Every structure is written in structure tokens, then in C-alpha cells.
Amino acid sequence: MIICSKLADFERAMCQLPKDCEIGFVPTMGALHNGHVSLVKKALKRTKYVIVSIFVNPTQFNNPMDLEKYPRTLEEDCNKLEQAGAYLVFAPGTHEIYPDTHSKQFDLGGLDKYGEGPSRPGHFNGVAQVVTRLFDIVKPTFAVFGQKDFQQLAIIKHLVQSLGYNTQIVTGNTVREKDGLAMSSRNMLLTKEQREAAPLIYKTLRKASAMAAQNLCSPNELCKWVIEQIDSNPLLETEYAQILDGSSLVLATSWQGHKELQLCVAVNAKPVRLIDNIKIK
Ligand code: PAF
């Protein structure tokens, strides 16, 4: 497996690839877990030229403490990627990704109005900055993103279409621990007690999904119920529980008029913030 941290080395390595080969891309911020590995394996089903980037992108952190605490495990990450069969790891420094200013503003098509948008001002613009920059560098045929970041996935699909990128966006399923907790690099920051409490999040989402199927209450009532359930554990505090339209990502106030609906939550196990979602229609 090739490892590059300098843009020039990366470009040199990419020049060695066979002409017209498919390039699969998995952008990450490192601290890799089996969820990331599953994205790499998904990409490897289609091409052996799977590039993984590891870059903790400062522009998508609206909280400096969160950026500072974000786990960095480059050596372990490279071992996992080598074992998974990745072709190349690109782990650039900030100046390689942002040589000059990184103040570019993106039109996110209003997809950041709910969910993570209001809770993390500037977050999705930062994601747009880094993903477009990485796409410009890697020029992937396809890129794989996890469904756990449901809103990020929708925003990236929108950007690719609106900016005319020639990259196909492929979705990887959320990978869960045995007890249902969605795998996340942030899970390693949980205390033992918080880790034991955290499976309640997905357990509640599953129950809510069953309730939605029975049409027993309104979307708003269901979200209130979700918050009550999760917050019944004193170690968890729900920041939001929202049912969003699967394509426009607007808040659903009724079950009617939406082809697809996704229940999305953000939960604080302080200072760690966890997100998860489930398809309910
Ligand atoms: O999902 C992530 O890990 C990040 O948001 C991404 C897509 C790698 C951009 O920094």
C-alpha cells in the first residue's frame, strides 16, 4: 500500500495508474473503525484502485475543543487499510489541502436547514470545502460515503450534481456494534458508563420506526417520545430528534406528502456528541 502525505507524491503515484482505470475513493478523518473498513471493501468490489484520504478537516469543526479532541491514530489506520486491501492512503497536512484561503461558500440547496445544520453552523460548508478539494485532487470515478451521516450524504450528492462533478456517489450502510450502537470514531471517547448507555439511541430509533409504521401518532409526537426515551438515561441528552423528508431534508409535520422519511437524532454524552438515523418510510 502506498502512503503519501505530500500532494506532489500523491500526484506522482496517481500517474502510475493504468489509463482509464476506475478510481474508488473513501474520504475519512481517520480513527478508522469497521464502518470505514466496510466502505473500503465496498469500493474494492468494483476496483483495486481504492484511495483513502485521512485528513481531520479543521473547517468542518464549529467547536475548537471538538477539533482538538478528535482522535488521531494514523499508524493504526494505515495498518487497518493495508489489511483491508486499500491501494493508496493520502494523509495530507492542512497546507496541502488549503494552500491559500479556505473561505469558499457553497450553495447547499437548503439541505442544511434542519438536522445538523442549525446545531453546527458552518459544518456542512466545511465538508463541502474539503470534499470538493479532495475530489479535485483525486478525480475519483466513484466515492463511498456512509449512511450514518445521512445529511452529509445528501449534501454531497447535491454538490456533485450542482457543480458537475463526474464522480458517482455510492452509499455504504451504517455498521453497528453488536448492541446496535452505530460505529463512530467518537465512540472511543465515551466513558465506560456512557458506552453502556449509548445503545439506547438505536434501540429507541427502532421502536420509533415500528411506531411510525402503525401511524399511532404525529411525526412531532413521535419525536417528543424519542427524546423522552433517550433522555430517560441521565448520561444521554438529546439535542434534536427530527423526521426529515428523504430528499429535500425539510422537517416533516405530517406522514403524508413524503415519499421517504428519515428519523435523525443527535445525542450528547458530554462532551461526546453522537448522531444516528433510521429510515421510517
Ligand atoms: O464523514 C467524514 O468523516 C468527513 O465529514 C469527511 C467526509 C471525510 C470530510 O472531512
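When a ligand or atom number is given, it counts from 1 through the structure's own listing order. Here the structure is a predicted model, which means the values were calculated and not measured.
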Do other residues, nucleotides or ligands put more than 12 heavy atoms under 6.0 Å from [X] [atom1]?
X: R206; atom1: CZ; value: no
X: Q214; atom1: CD; value: yes
X: K203; atom1: NZ; value: no
X: K224; atom1: NZ; value: no
X: Q83; atom1: CD; value: no

Are any of the N/O atoms on Q60, whether in the backbone or the side chain, positioned under 3.5 angstrom from an N/O atom of ligand 1?
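Q60 vs ligand 1: N/O contact under 3.5 Å present.
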Please indicate whether any nitrogen or oxygen in T28 is less than 3.5 Å from any nitrogen or oxygen in ligand 1.
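Between T28 and ligand 1, no N or O pair is found under 3.5 Å apart.
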Would you mind running through ligand 1 and noting each atom that sits below 4.0 Å from a heavy atom of Q152?
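The atoms of ligand 1 under 4.0 Å from a heavy atom of Q152 are 1 (O), 2 (C), 4 (C), 5 (O), 7 (C).
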Using a strict 4.0 Å cut-off to heavy atoms of V130, name the atoms of ligand 1 that fall inside it.
9 (C), 10 (O)
Protein heavy atom at shortest distance from atom 3 (O) of ligand 1
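Of the protein heavy atoms, M29 CG, 3.7 Å lies nearest.
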